[in-house]
Amino acid sequence: MSPLKPLRADARRNRDQLIGTARAVFAEFGTQAPLDEIARRARIGNATLYRHFPTRDDLIVAVYAEEVAELCDVPEADDPLDGLFDWLDAFVRHVTEKGDLARSLEPSARRSGLHEEWHAAMSETVGRLVDRAQRAGVLRADVDPMDLLQIAAGMAAAEPARVKRMLRIVRRGVGTSRPDQ
């Protein structure tokens, strides 16, 4: 399957079905779940699964790449500060819930490259959101997007009930002085 050649509609449906099913099975059993179980639940033959995803890593990459794309596909919020902190909240949940998916890939140059690509996508997203909030005058000019990303990544280790509170504290610290923060 050449990446340059578009998939036929039925092949695309099969691939999408496999990725969606793998996402659910990985969430239920982890990334070591039997690939045969994924094919069975997707109601697609094993040969089709392996034609699309010759290795477990190929399937993990496809699932995680969709997760990152969904995370980075951010609609523009009416309030730029709300948009930024809603995204940071989603990022924390992503790292908490999906981080093991990316870390489960076999160590390789390919894994390193993918991690860099995914990190770049998330960095670009937070950079865009920070820039928008700064231009709107609701975020201090000295706030660095990578600092916020690192702070949010650290929050992923916290108890989930504390994350919203910690995000509010950070928001008050980096926002301009508005009483509703």
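In this structure, Ala158 and Met166 approach most closely via the heavy-atom pair CB-CE, 3.2 Å. Summarising the geometry of Asn46 relative to Ala39, their closest heavy-atom pair is OD1-CB, 3.2 Å, with the distance given to 0.1 Å. Heavy-atom minimum distance, Phe91 versus Ala152: CD2-CB, 3.6 Å. Considering every non-hydrogen atom in both Ala156 and Val95, the closest pair reads CB-CG1, 3.4 Å.
Connection of Val174 to Ile169 is not established within any shared hydrophobic cluster, with ILVMFWY side chains joined at heavy-atom distances below 4.5 Å, either directly or through further cluster members. Residue Leu59 is grouped with residue Tyr50 when hydrophobic side chains (ILVMFWY) are merged at heavy-atom distances under 4.5 angstrom, including chains of intermediate members. Transitive grouping of hydrophobic side chains (ILVMFWY, heavy atoms separated by less than 4.5 Å) brings Leu148 and Met146 into a common cluster.
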Kindly list each side-chain donor-acceptor pair under 3.5 angstrom involving residues 121-133, sequence neighbours excluded, with atom names and distances?
{"from": "Ser123", "atom 1": "OG", "to": "His119", "atom 2": "O", "distance (Å)": "2.8"}
{"from": "Ser123", "atom 1": "OG", "to": "His119", "atom 2": "ND1", "distance (Å)": "3.4"}
{"from": "Glu124", "atom 1": "OE2", "to": "Arg128", "atom 2": "NE", "distance (Å)": "3.3"}
{"from": "Thr125", "atom 1": "OG1", "to": "Ala121", "atom 2": "O", "distance (Å)": "2.9"}
{"from": "Asp131", "atom 1": "OD2", "to": "Arg135", "atom 2": "NE", "distance (Å)": "2.9"}
{"from": "Asp131", "atom 1": "OD2", "to": "Arg135", "atom 2": "NH2", "distance (Å)": "3.4"}
{"from": "Arg132", "atom 1": "NE", "to": "Glu76", "atom 2": "OE2", "distance (Å)": "3.4"}
{"from": "Arg132", "atom 1": "NH1", "to": "Ala77", "atom 2": "O", "distance (Å)": "2.9"}
{"from": "Arg132", "atom 1": "NH2", "to": "Glu76", "atom 2": "OE2", "distance (Å)": "3.4"}
{"from": "Arg132", "atom 1": "NH2", "to": "Ala77", "atom 2": "O", "distance (Å)": "2.9"}

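Inter-residue side-chain proximity for Leu49 and Ile44 is flagged as unmet; no heavy-atom pair is nearer than 4.5 Å. Residues Met155 and Arg162 are not in side-chain contact: their nearest non-hydrogen atoms beyond the backbone lie 4.5 Å or more apart. Considering only heavy atoms from C-beta on, Val92 stays 4.5 Å or farther from Leu88 through its side chain. Side-chain contact between Phe26 and Ile38 is present, with heavy atoms from C-beta onward closer than 4.5 Å.
Residues Thr96 and Arg93 bring no donor and acceptor atom of their side chains to less than 3.5 Å of each other.
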Hey, mind stepping through Thr55 and Asp58 against side chain to side chain contact (heavy atoms under 4.5 Å, CB included) and telling me if it holds? CA-CA 5 Å; Thr55 69; Asp58 292 327; 3.0 Å; yes
Please determine whether salt bridge (Lys or Arg N to Asp or Glu O under 4.0 Å) holds for the pair Glu70 and Lys98, giving the CA-CA distance in whole Å, both sets of side-chain angles, and the decisive distance to 0.1 Å. CA-CA 12 Å; Glu70 288 172 11; Lys98 310 297 181 184; over 6 Å; no
Would you please test Arg171 and Asp82 for salt bridge (Lys or Arg N to Asp or Glu O under 4.0 Å) and show each step? CA-CA 9 Å; Arg171 182 179 174 140; Asp82 286 345; 2.8 Å; yes
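Under the ring pair (Phe, Tyr, Trp, His ring centres under 6.0 Å) criterion, Tyr64 pairs with His94, Trp118, not counting sequence neighbours.
Counting only distance, with no hydrogens or angles, the side chain of Thr21 and the backbone of Arg41 share no donor-acceptor pair below 3.5 Å. Counting only distance, with no hydrogens or angles, the side chain of Arg15 and the backbone of His52 share no donor-acceptor pair below 3.5 Å. Under a 3.5 Å cut-off, the side chain of Gln134 and the backbone N or O of Val143 do form a donor-acceptor pair. With hydrogens and angles disregarded, a donor-acceptor distance shorter than 3.5 Å links the side chain of Trp87 to the backbone of Leu71.
Considering Glu97, Glu28, Glu67 in turn, Glu67 is the only one that fulfils the salt bridge (Lys or Arg N to Asp or Glu O under 4.0 Å) rule with Arg23.
The stretch residues 138-152 participates, sequence neighbours left out, in these side-chain hydrogen bond (donor to acceptor under 3.5 Å, both in side chains) pairs: Arg140-Asp142.
Atom CG of Asn14 sits about 11.0 Å away from atom CD1 of Ile19, to the nearest 0.5 Å.
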